[in-house]
Amino acid sequence: MFVENILIKDFRNVKSLQTSFSKNLNVFLGKNGQGKTNLLESIYLLVNGNSFRYSNNESFINYSSEEKAKVSLIQSVFHQNNLKYNLKMTIQKKSKEFFVNDKKISSAQIQKKFSVVLFSPESLSFIKESSEFRRVLLDEFLSSIDSKNVDIISDFKKALKNRNRLLKDFRDAKIPKPQFDPLFDSLTELYLAKAVDLVWQRLEALDKIKGDLNDNMQYISQSNVDIFVDYVASDESFLGFSREKIAEKLKKRAEELRSAEVSSGSSLVGPHKHEILFLYNQKDSRFFCSQGQQRAIILSFKMAQIVYHRRVHGTYPILLLDDVLSELDSEKRFRLVEFLEKLETQIFITSTEIDAVENLNKENVKIKYLDNGIIKDDRD
Ligand SMILES: Nc1ncnc2c1ncn2[C@@H]1O[C@H](COP(=O)(O)OP(=O)(O)O)[C@@H](O)[C@H]1O
Ligand SMILES: [Mg+2]
């Protein structure tokens with residue numbers, strides 16, 4: 001899988017840009033604020049539909065033109081299993097649209113076909129962030145190993161949205177109690193079914209990744225550390241639970257929390273509240289690990305995702321590394337570079353200094369210097 005080229009119009013600080021990529025290694029160099037991350041983001045968005053940075057549609061659209069742009073365009077040729085795909089995305093204030101070979105499709109359909117894995121300084125701090133970041137980490141792994149999980153995640157999100165809307169309408173007295181009660185019960189049943197699907201897949205995924213996660217952790221840290229990942233809901237570990245047991249637990253919790261949900265106007269039970277805990281030699285990594293150890297866990301998790309993707313699909317995902325090499329200490333950088341060198345996949349790296357990538361031995365390297373949203377001296 002690789003991206004052959006990209007055409008960007010009015011996206012972030014890029015007014016107009018067209019360039020082609022190496023199948024192996026691409027390096028975006030430049031000072032801060034020149035558009036290196038914006039370029040990675042455009043590739044990420046094309047495949048995932050959403051960005052890795054907090055943003056609404058409007059923030060993507062270039063605002064610097066005298067006549068303010070109303071739409072961003074990102075267009076690319078992707079290759080997968082000897083087939084070529086024209087991917088196109090348009091972003092307007094109120095909508096994003098995706099096209100494959102000029103046919104409009106949902107972002108979920110693109111997500112099922114292509115995969116990218118992003119390493120960013122933010123992702124390296126997922127251990128100390130709120131539990132939401134670790135759920136995203138795990139759900140990205142779920143989506144990348146089996147396309148049916150893309151639907152399971154999106155079905156759950158829809159069910160959550162519907163249930164929250166009903167709870168909020170009732171709290172705001174927009175719907176009377178006799179009407180609310182039966183509607184809420186039937187929605188809850190549907191919602192819990194989707195919740196159980198997602199929790200079950202998350203538990204399966206944790207089971208699948210644990211071997212590679214530990215192997216990579218030992219490789220990166222060159223020590224015999226043990227990483228154990230726990231899945232916790234309402235202070236209880238769900239590891240080893242059957243689907244029936246998960247269903248029973250969530251149902252019971254929904255009954256207990258019914259009145260709290262009604263008064264808060266939002267769903268308090270479900271996988272959007274669950275915690276994923278990384279235990280480092282049996283100790284909670286949030287409290288007992290140094291920043292370096294926390295970063296090593298996330299790096300190992302992402303490396304495990306890449307290796308596992310290759311095992312199930314026969315190909316590696318595309319890798320996007322945003323300013324991470326300079327963020328790592330020399331030992332971890334050395335290990336990551338060694339790992340990257342062995343992968344037969346397309347890699348994009350951004351950096352302010354060429355030194356950060358000089359040790360990475362790859363053929364067909366393309367280096368692009370970014371200056372205020374423009375690639376300088378591009379030979380394509
Ligand atoms: N919608 C937008 N229109 C114009 N410029 C934008 C927009 N969104 C972000 N920018 C600019 O993009 C630049 C950041 O680009 P980024 O890719 O993050 O830089 P870096 O090269 O450091 O990775 C900033 O100068 C920011 O002001
Ligand atoms: Mg950047």
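Just so you know, ligand 1 is whichever comes first in the structure, and atom 1 is the first atom listed for that ligand. Computation of the quantities below employed the complete heavy-atom set of this structure, encompassing side-chain atoms and omitting hydrogens, waters and symmetry-equivalent molecules.
Closest to atom 9 (C) of ligand 1 among all protein heavy atoms lies Arg12 CD, 3.8 Å. In terms of protein heavy-atom proximity, atom 13 (C) of ligand 1 is closest to Gly33 O, 3.6 Å. Here the heavy atom of the protein found nearest to atom 2 (C) of ligand 1 is Tyr63 CE2, 3.1 Å. The nearest heavy-atom contact from the protein to atom 17 (O) of ligand 1 is Asn38 N, 2.7 Å. Considering only non-hydrogen protein atoms, atom 11 (C) of ligand 1 sits nearest to Asn13 CB, 3.8 Å.
Residue Leu118 holds its CG atom at 6.0 Å from OH of Tyr44, rounded to the nearest 0.5 Å.
For a distance bound of 2.8 Å, the N, O or S atoms of Asn32 include none lying that close to the Mg ion (ligand 2).
Near Lys31, with a cut-off below 4.0 Å to any heavy atom, the atoms of ligand 1 are 21 (O). Ligand-side atoms of ligand 1 in range of Ile61: 1 (N), 2 (C), 3 (N), range being under 4.0 angstrom from any heavy atom. Remark: ligand 1 atoms within the under-4.0 Å shell around heavy atoms of Asn32 are 22 (O). Near Ser59, with a cut-off below 4.0 Å to any heavy atom, the atoms of ligand 1 are 1 (N), 2 (C), 8 (N).
Residues Phe114 and Phe78 place their aromatic rings such that the two centres sit under 6.0 Å apart. Here Phe141 and Tyr308 bring their ring centres to under 6.0 angstrom of each other. Taking the six-membered ring for Trp and the full ring otherwise, the centers of Phe228 and Tyr280 sit at least 6.0 Å from each other.
Under the rule for a ring-ring contact (aromatic ring centres under 6.0 Å, His included), the partners of His313 that lie at least two apart in sequence or sit in another chain are His309.
Among Gln34, Arg53, Lys36, Glu58, the residue whose heavy atom lies closest to atom 18 (O) of ligand 1 is Arg53.
A cation-pi arrangement is present between Lys245 and Phe241, with the terminal nitrogen or guanidinium carbon under 6.0 Å from the aromatic centre and inside a 45° cone about the axis.
No salt bridge links Glu255 with Lys252; every basic N to acidic carboxylate O contact stays at or beyond 4.0 Å. Ion pairing of Glu338 with Arg335 is present here, as a side-chain N (NZ or NE/NH1/NH2) and a carboxylate O approach within less than 4.0 Å.
At a heavy-atom cutoff of 4.0 Å, ligand 1 is contacted by no atom of Leu39, backbone or side chain. Counting heavy atoms under 4.0 Å from ligand 1, residue Glu41 does not touch it at all.
Using cut-offs of 30° and 60° for the angle between ring planes, the Tyr191 and Phe156 rings count as tilted.
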